[in-house]
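Reviewing the structure listed below.
Atom set for the values below is all heavy atoms of this structure, side chains included, hydrogens, waters and symmetry mates excluded. Here is how names work: the chains are called A, B, and so on, in the same order as the sequence lines, proteins then strands, and each is numbered from 1.
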Amino acid sequence: MNNNIAFKYLGLTAAMFLLGGLLAAFMKMGAGSGDSTSHAVLNQMLTYHGVVMSFLFLIPVIPTFFGFTMLPKQLKIEKMCCNGKPGFTLYSVGSLLVIVSAMKFAVSTGWTFTPPYSLIDGGALATMSVGLVLVALSWAMTGMNFIKTVHKSEVGFFDMPMLSVSLYLNSYLMLIGGLIFSVVIVLLSLANAFGIGPFAGQFSTTLMQNSFWFAVTPLLFFALIPAVGIISDVIAGLTNRTLVSKKSVTWSLAALAVLSFASWGTHIDQGKTLGFVFSAMGLLTAVPIALITYSWIATLSRGEVSCQPATRFTVAFLVSCGIGILSTLFTNNMSIGSYLSSTMFTTAQIHYLMVGGVVTSVLAGLHFWWTDITGKEIRVSLGKLSGFLYLVGLNISFFPQIIMGTKGLPQGLHTIPVGFETLNWVSSLGFIVLSLGLLLIVYNFITSTDTMSSGHSD
Amino acid sequence: MLNFLALESISSWFPPEASYQAFWMDKAFLGILMAAVFAFVLVVGLAITFVIGNRGKVAIEGQGVNQLARGLWVLGAILLYYFAFSSNFCGFMDTTQAPYGAYEIDVTASQWDWEFTYPGGHVTDTLHVAIDRPIRLNMQTEDVVHSLLIPALRVNQAIIPGKISRTWFQADMIDTFMLRSSKYSGEKYADMHTAMITHSPAVFTEWLEAAGDIFAGRTLSEVGEILYTRHGCAACHSFDGSKRVGPSFLDMYGNTFDTKEGVAVTVDDAYIKESILKPNVSVIDGFDPVMTPYEGILDDREIEALTEWFKSMSSFADQGEK
C-alpha cells in the first residue's frame with residue numbers, strides 16, 4: 001500500500017531526473033558544437049534543467065520514496081497517516097504543466113526567476129507557475145502527512161532512527177518552505193502577466209530574491225538533512241550497530257533545520273554589511289557538521305564494516321558531498337565569495353552538494369534497503385562497479401568546473417571561451433562516465449531478482 | 001607539503017594577477033585550499049581506512065563517546081570555518097571604500113552592451129584605465145540585473161536596477177584583459193563581453209586627449225549635437241519645436257523674437273554666444289530667466305559647433321548670417 005505510492009513517486013522523480021539530465025546533455029552538445037543551436041534555445045534548456053532538477057526532482061526525491069517506504073518500517077506502524085495519493089496527483093499534474101509550458105512557449109528566465117528580467121521574458125511563465133504551485137502544495141501535503149504520522153506513532157523524537165528524525169525535520173521545511181514558495185511564485189506570475197503586486201516594476205529585484213531564497217534555501221540546500229539521515233542509518237546498518245553519539249546527530253540536524261531559515265542571504269548580492277552578517281551566520285554550521293562527521297567516523301571505527309554496494313555509495317557521499325561542503329568555505333569568505341559568485345565555481349558547488357550529496361545518498365539508501373523494501377536482490381559486483389563509475393564520473397564531470405570558476409568563467413555561457421576548451425572537454429567526458437554509471441545502476445535495480453527461495457545472503 | 005601541492009600548478013587555476021587585491025585574494029584562496037585539503041584527507045581518509053581496515057573484524061561493543069576527541073574535532077571544525085571566513089578580511093574591507101581622489105569612471109550596463117563614460121564626458125565601449133592609480137567605477141543598469149566581472153582583478157560586482165553599484169581597483173599590469181557580465185540577462189548574455197585595456201599613466205592621458213577630442217573626424221554640426229546630449233541641454237530645450245522650460249532649437253537660428261522688455265532680437269552668432277554664457281540678460285518673451293550660465297564650461301569652439309548645429313535645423317539660417 002505505502003510501497004505502491006512510493007514506487008509511483010520513485011518512477012516519476014526518476015523520470016524527472018532523466019529529463020533534467022537529457023537537457024544537460026543537449027546543452028553540453030549544443031555548447032560544444034558552436035552556433036548550431038541558438039542562444040535562445042540553450043537558455044530555455046538551462047532554465048528547464050534548473051527548474052526540473054530543483055523543484056521536480058531534488059526536493060521531493062528523498063521524502064517521497066524513503067518517507068513512504070522506510071518511515072512506517074522504522075516507526076513500526078502499519079501505515080502512514082494519509083495515503084499520499086492527493087499529493088501524488090498534485091505532483092504529477094504540476095510536473096506535467098511545467099513540461100506543457102515548455103511546449104507552449106519555453107520560459108528562459110533562469111531557474112531563479114530573477115526580476116526584472118523574469119518580468120519581461122515572453123515565455124509561458126503562467127503555465128509553469130501553476131505547475132510549480134501544485135508541486136509546492138504537494139510538498140506541503142507530504143510534510144503534513146509525515147508530521148502527523150510521527151506524532152501519532154508512539155516513538156519519541158530521540159528514539160527514532162536518524163532517517164525518521166531527518167524526514168520529520170525536513171517535513172517542517174517542506175510545509176513552511178512549500179507554502180512560502182507557492183506564494184512567491186503566484187506573486188511572480190502576477191507581476192509577469194499583469195504587472196501588479198509587490199514584485200512588479202523594475203526595482204523589485206532585492207525583494208523578490210530575498211523571498212525566493214528564503215523559501216528555496218531550506219527546501220533545496222537543506223534537502224541535505226534527509227540525505228544525512230539516510231547516510232547515518234546506512235552507516236549504522238553497515239556496521240550493524242547503533243550510531244555513536246546518536247543524540248548529538250539528532251540535535252545537529254535540528255540545529256541545521258533552524259539555521260536553514262536564517263541562511264537565505266548567502267545567495268544574494270545585497271551590500272557588504274548584510275553579506276558580512278550572513279557569512280558570519282554560515283560559521284554556525286561548523287558545529288553540527290563536525291558532530292555529524294565525528295559520529296560517522298567513530299561508528300565506522302568501532303566495528304566490522306560490511307562491504308557491499310551501499311558501502312561504495314557511502315564513501316562516494318563522503319567524498320563528493322565533502323568537496324561540496326568544503327567549497328562553501330571559499331564562497332563564505334567575503335572577498336573570494338564575491339569574486340566567485342555566479343561563476344562556474346558556484347555551478348560546481350551546487351552540483352557537488354545536490355548530485356554528490358542528495359543523489360548519492362538516495363543511491364546509497366536504495367542499494368542498502370532495496371532487498372528490505374522489494375524482497376528482490378541486486379547483483380553485488382555490478383553494484384560495486386557502478387558505484388565506482390558513478391564516483392569517478394561525478395568528479396571528472398564537476399571538478400573541472402571548480403577550476404573554470406576560479407579562472408573567471410561565468411555560469412550559463414553557451415560558447416566556450418578560448419582557454420577553457422580542455423577543461424570543458426574533460427568535464428564532458430566525466431558526464432559520459434557518470435551517465436554510464438547511472439545507467440548500470442538503473443539496470444541493476446530493474447533486473448533485480450526475487451530472493452524468496454534463496455533467503456538473505458551477503 | 002608545499003611542494004607536493006605544486007603551488008605553480010594551482011596558480012594556473014587563476015587568471016593573471018593584475019592588481020594587489022588579486023594577489024591577496026589568491027593568497028587567501030591558497031590558504032583555505034590547503035586547510036580544506038587537510039580536512040578532506042582527514043575525514044575521507046579515516047572513513048576509507050576504517051571501511052577497508054575493519055573488514056572482517058569483530059565489532060567493539062559499548063556506546064561510550066570519547067569526549068576529548070569529539071571536543072577537539074568540533075574545535076578543529078570551528079577553527080577551519082573561522083580561518084576560511086576571516087582570511088583576507090582586510091582585503092575585503094579595502095574593497096568596500098575607494099581611496100580619496102580615485103579616478104571615477106561611470107559604467108552603464110544594458111542588454112547586452114557596456115558603456116564607459118570618463119570624467120571629460122568621453123564614452124567608450126571598452127574600459128581604458130591607467131595603472132598604479134585607484135579607479136572607481138560607478139555602475140548603473142538601464143534594464144535588468146547585470147554584473148561586472150573582470151577576472152584579472154578578481155572584481156565581480158552585481159549591478160541592481162535603481163541603485164548605483166560601486167567598486168574600485170588599482171591595476172598594476174599593462175595588458176588587455178577580459179571584462180564581461182556574469183549575471184544571466186537574456187538571449188545574448190553570452191555576448192556581453194568586452195575588454196579592459198590598461199595603460200601607463202602617461203599613455204592613458206595621451207589616449208584620453210586623442211580619443212576625447214570630439215572634433216576629430218566630425219563636422220561642427222555633429223559635434224554640436226553631441227554637446228547637446230552631453231551637457232544635458234535636452235532637459236529644457238527640444239529640437240523638434242515642442243516647448244519645454246526654454247525655447248526649442250528648431251527654426252531658432254535666424255528667426256526674430258521679442259524679449260521680455262519688448263526689444264526685437266534676431267538670433268545670430270552673437271546672440272547665441274551671449275545666451276549660452278550670460279543666458280539671463282536678454283530672455284525671449286514667454287520664458288523665465290532660469291538658465292545656468294555656461295561661462296567657463298563651453299569654450300568658443302564648442303559654442304561655434306552648437307551654432308552650426310542650430311543653423312543646420314533652421315529654415316531661417318540665411319537670415320541670421322546677414
When heavy-atom pairs shorter than 4.5 Å are enumerated against chain B, which of Gly322(A), Ser338(A), Gly282(A) gives the highest number?
-> Ser338(A)

Apply side chain to side chain contact (heavy atoms under 4.5 Å, CB included) to the pair Phe14(B) and Lys407(A), showing each step before the final yes or no.
-> CA-CA 5 Å; Phe14(B) 289 100; Lys407(A) 273 175 172 278; over 6 Å; no

Using a cut-off of under 4.5 Å for heavy-atom pairs, which of Ser306(A), Gly405(A), Ala290(A) has the most such pairs with chain B?
-> Ala290(A)

Does the side chain to side chain contact (heavy atoms under 4.5 Å, CB included) test come out yes or no for Arg70(B) and Ser245(A), once each step is laid out?
-> CA-CA 10 Å; Arg70(B) 188 170 69 178; Ser245(A) 176; 2.6 Å; yes

Close side-chain approach of Val144(B) and Ile120(A), heavy atoms under 4.5 Å = yes

Considering residues, nucleotides and ligands other than Trp24(B), do more than 12 of their heavy atoms fall under 6.0 Å from its CH2?
-> no

Going through the distances and angles, do Lys183(B) and Thr114(A) end up as a side chain to side chain contact (heavy atoms under 4.5 Å, CB included)?
-> CA-CA 10 Å; Lys183(B) 279 276 187 303; Thr114(A) 309; over 6 Å; no

Can you find a heavy atom in the side chain of Thr112(A) that is under 4.5 Å from one in the side chain of Tyr184(B)?
-> no

What do you reckon, is CH2 of Trp251(A) surrounded by more than 12 foreign heavy atoms closer than 6.0 Å?
-> no

Heavy-atom pair of closest approach, residues Asp143(B) and Pro116(A) | O-CG, 3.5 Å

For residues 40-52 of chain B against chain A, heavy atoms under 4.5 Å, the residues are Phe40(B), Val43(B), Val44(B), Leu46(B), Ala47(B), Ile48(B), Phe50(B), Val51(B)

From CA spacing to verdict: side chain to side chain donor-acceptor pair (under 3.5 Å), Ser335(A), Asn88(B) | CA-CA 7 Å; Ser335(A) 65; Asn88(B) 200 27; 2.9 Å; yes

For the candidates Val319(A), Val287(A), Thr293(A), which exhibits the highest count of non-hydrogen atom pairs separated by less than 4.5 Å from chain B?
-> Val319(A)

Output for pair (Ile78(B) CD1, Leu284(A) CG), nearest 0.5 Å, gives 9.5 Å

Under a 4.5 Å heavy-atom cutoff, which of Thr205(A), Asn332(A), Asp121(A) has the most pairs with chain B?
-> Thr205(A)

Which of the residues Thr311(A), Val315(A), Leu326(A), Leu238(A) is involved in the greatest number of heavy-atom pairs with chain B at under 4.5 angstrom?
-> Leu326(A)

For the side chain to side chain contact (heavy atoms under 4.5 Å, CB included) test, which of Val155(B), Thr95(B), Leu149(B) pairs with Tyr339(A)?
-> Leu149(B)

When every non-hydrogen atom of Ala36(B) is compared with those of Leu329(A), the smallest separation belongs to CB-CD1, 4.2 Å

Take Met334(A) and Phe89(B) through the test side chain to side chain contact (heavy atoms under 4.5 Å, CB included) and record every step on the way to the result.
-> CA-CA 7 Å; Met334(A) 279 161 300; Phe89(B) 188 74; 3.4 Å; yes

Considering all heavy atoms, the nearest Arg302(A)-Asn66(B) contact | NH2-N, 4.4 Å

Is there side-chain contact between Ser182(B) and Gln411(A), with at least one heavy-atom pair below 4.5 Å?
-> no

How many angstroms lie between atom OG1 of Thr206(A) and atom CD1 of Ile160(B), to the nearest 0.5 angstrom?
-> 5.5 Å

Does the side chain of Tyr81(B) reach to within under 4.5 Å of the side chain of Ile289(A), using non-hydrogen atoms?
-> yes

Looking only at heavy atoms, which two atoms of Gly412(A) and Tyr189(B) are closest? And how far apart?
-> O-CE2, 3.5 Å

Mind listing the closest non-hydrogen atom pair of Phe29(B) and Leu340(A) along with its distance?
-> CE1-CD1, 4.2 Å

Aromatic plane relationship, Phe85(B) with Phe276(A) - under 30° parallel, 30 to 60° tilted, over 60° perpendicular | tilted

Identify the heavy atoms of Glu187(B) and His39(A) that sit nearest to each other, and give their distance.
-> O-CB, 3.4 Å

Should the heavy atoms of other residues, nucleotides or ligands under 6.0 Å from OH of Tyr82(B) be counted, would the total exceed 12?
-> no

